[in-house]
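Have a look at the structure below before the remarks.
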Amino acid sequence: MRLEDLRATQFCLPRMEIPRDLRVLLLLLLASNGVRSTGAPEKETPRDACKSLPNKPHPSDPFYLDDTAQCFAKCRQGGSSDSCVPGNLERHWLYYESYLVENSVGTVDRPFVKSLVQDISTDTSEDLLFSLKRSQIPRQVMKDEEKPSDRLWFPKSFFGSLPGNRPMVRLAITVLDIGSGNVFKGPRLLQEEGSSVLNNHVVGLSVGQMPVTGLSEPLEITLSHPRHPSNMTLTCVFWDVTKGPTGDWASRGCSTQLGAEQTVCRCDHLTFFPLLLRPMLDRATVAILTRISQAGCGASMIFLTFTIVLYITLRLSLQRFKSEDAPKIHLSLSCSLFLLNLAFLISVGSGSQGSSATCWVRAAVFHYFLLCTFTWMGLEALHLYLLSIRVFNTYFGHYFLKLSLAGWGLPTLVVIGMGSAGSYGVYAIRDQENRTALELCWIQKEPALYVTVHGYFLITFLFGAVVLALVAWKIFTLPSVTANKQQGQNWKAVITVLGLSSLVGMTWGLAILTPLGLSTIYIFAFFNSLQGVFIFCWFTVLYFPRRSSTSSLSGTAQLDQAQSTLNQ
């Protein structure tokens, strides 16, 4: 009998004497319900929906998805209450996949989760395509339908490669809206300011009650997105439960094919997959990199000045310096690099200040000296090739004059064309909150930037890398190195290769690695800004101590310098 019934009975029969045993029973009932005999009943503690989430849902529990909704409402918007524990929700969704596979075939349609559970024949002879539109429940796309922008593709070999030789398997596809809170963020995103899960959506995949890893033909998840800022990068990742107490994002086994408004993730296993949007450069990083570059450029300018003064001194004191081409090429590279560093310091220091015409001029000057530097590094590689690889038939009339016309003239034509097309102006680097972190007078049009800077550099860099590799092979196979296996000889060979690499601009090649992460950006900024220091060190090693007048100074190309360096 309920407590209220007992009380009602007591009120209706006031004159009846309650037996002693009944009184004892009444006291026990009152105690068991947490109510004192002399007071009103205490208010029942509200049920905490988040506490049960770590437990695996059960079909007989009618509250599991309602509880999830209540808890998600607390945590999705960045709730910080004690009951909002992101780890609980993360574990719950991992359990939820198993729950779907075990207990249902059909769909789930909630504002924060949409799921499709479907039995698939393992003997299927065609690829399967599913729509992943965030506003709809996942569904299978037929052959004659147009491919949706957000989709999941299973190769026909996928289901046949599953273990167990089962005729049917149960596939669960879940699209989960994790909100802007800390759910499924993990230590990785929480430590990187500005990083986020793209559109706050995660795709969960599960087949039966079996782990699926190491697929020979990966599945594909295609996700659409608006154009992201140039200082942000997209990465395909999965939730790795082995990281930390609750898990974290990892990219092992996944590759990313970036597109302007669509990205394809190829993964060789099943779990939860999102796209991570991460800032390449935030405001603090831009400031640090700017200071590193300014310091490095300042040091380079000082040592490039030493190089120019050293060349003038040797030219005045040594007659053969007037006829040798190699020192002149080194000098031209040093001058172009000095002027590039100067233009960079002026551009960064003044930002976008001044009139549009002034900004146009600063951008054109900086672009010109950048192209001159690339061109002279390519000409260094050409000179090295002609006199060390080709060797024969390398005489050209007015050789250095022709090199100078190419080194200073070709960039002039490019800059005139860019200026005529109106490509110069204010260029803004933005942080993760779309705020301007740095403004420069630079190229505004991306196609022009890719062609005249990225493409131009790539051609000269690849040519220089190939020539340097051939020269390095020739240096390390010289008789003076192979016959005498002395440690000093090997070190001199290494120094020679490093010196030549500074001339052909191998430090610029570190730019290719910058998409790998922030650490490579710091490495590139540090080493590349010190190219002038490396050139001075090589110039000094190359021409000091002074050699006899019979020694040829054009040995950079013919490897006479390398041999002399190795034999010292």
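Scope of the values below: all heavy atoms of this structure, side chains included, with no hydrogens, waters or symmetry mates.
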So, using ring pair (Phe, Tyr, Trp, His ring centres under 6.0 Å) as the criterion, who are the partners of [X] when residues are at least two apart?
X	result
F344	none
F374	F457, W508
Y450	H454

Between C254 and C265, is the SG-SG gap less than 2.5 Å?
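No disulfide here.
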Can you establish whether the number of heavy atoms outside F527 located under 6.0 Å from its atom CZ is more than 12?
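No.
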Any donor and acceptor pair, going by atom type alone, linking the side chain of S300 with main-chain N or O of G532 inside 3.5 Å?
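Checking the backbone N and O of G532 against the side chain of S300, a donor-acceptor pair under 3.5 Å is found.
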Looking at D150 and S224, would you say the former's side chain and the latter's main chain have a donor-acceptor pair under 3.5 Å?
yes
Who are the side chain to side chain donor-acceptor pair (under 3.5 Å) partners of [X], not counting sequence neighbours?
X	answer
T358	S355
Q257	R266
R151	none
E217	S157

Apply side-chain contact (heavy atoms from CB on, under 4.5 Å) to residues L503 and W538 and explain how you reach the verdict.
CA-CA 9 Å; L503 298 178; W538 172 242; 3.4 Å; yes
For the residue pair [X] and [Y], establish whether any side-chain heavy-atom pair is separated by less than 4.5 Å.
X	Y	answer
I288	Y522	yes
P148	L132	no
L205	V203	yes

Show, in sequence, the C-alpha distance, side-chain angles and deciding distance for V466 and Y385, and conclude whether the side-chain contact (heavy atoms from CB on, under 4.5 Å) test is met.
CA-CA 10 Å; V466 171; Y385 166 78; over 6 Å; no
side-chain contact (heavy atoms from CB on, under 4.5 Å) between L289 and F524, worked out
CA-CA 10 Å; L289 289 173; F524 168 74; over 6 Å; no
To the nearest 0.5 Å, tell me how far [X] [atom1] sits from [Y] [atom2].
X	Y	atom1	atom2	value
L342	F366	CG	CZ	11.0 Å
T496	L542	OG1	CG	8.5 Å
L129	K147	CG	NZ	6.5 Å

Holding to side-chain contact (heavy atoms from CB on, under 4.5 Å), I want the full list of residues that pass it with K402, two or more places apart in sequence or in another chain.
none
Can you name the side-chain contact (heavy atoms from CB on, under 4.5 Å) partners of D127, sequence neighbours left out?
W153, P155, K156
Give every donor-acceptor pair under 3.5 Å between a side-chain atom in residues 332-339 and any protein atom, sequence neighbours left out.
| unit_1 | atom_1 | unit_2 | atom_2 | d |
| --- | --- | --- | --- | --- |
| S332 | OG | K328 | O | 3.0 |
| S334 | OG | H330 | O | 2.9 |
| S336 | OG | S332 | O | 3.3 |
| S336 | OG | L333 | O | 2.9 |

Residue of the set V494, L470, V497 for which side-chain contact (heavy atoms from CB on, under 4.5 Å) holds with I475
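Answer after filtering V494, L470, V497: V497.
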Listing, residues 301-311 side-chain donor-acceptor contacts under 3.5 Å, not counting sequence neighbours, or none:
| unit_1 | atom_1 | unit_2 | atom_2 | d |
| --- | --- | --- | --- | --- |
| T305 | OG1 | M301 | O | 2.7 |
| T307 | OG1 | F303 | O | 2.9 |
| Y311 | OH | R315 | NH1 | 3.3 |

Going by the side chain to side chain donor-acceptor pair (under 3.5 Å) test, which pairs reach into residues 405-425, not counting sequence neighbours?
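Every side chain to side chain donor-acceptor pair (under 3.5 Å) pair that includes a residue of residues 405-425, provided the two are not neighbours, is H367-Y424.
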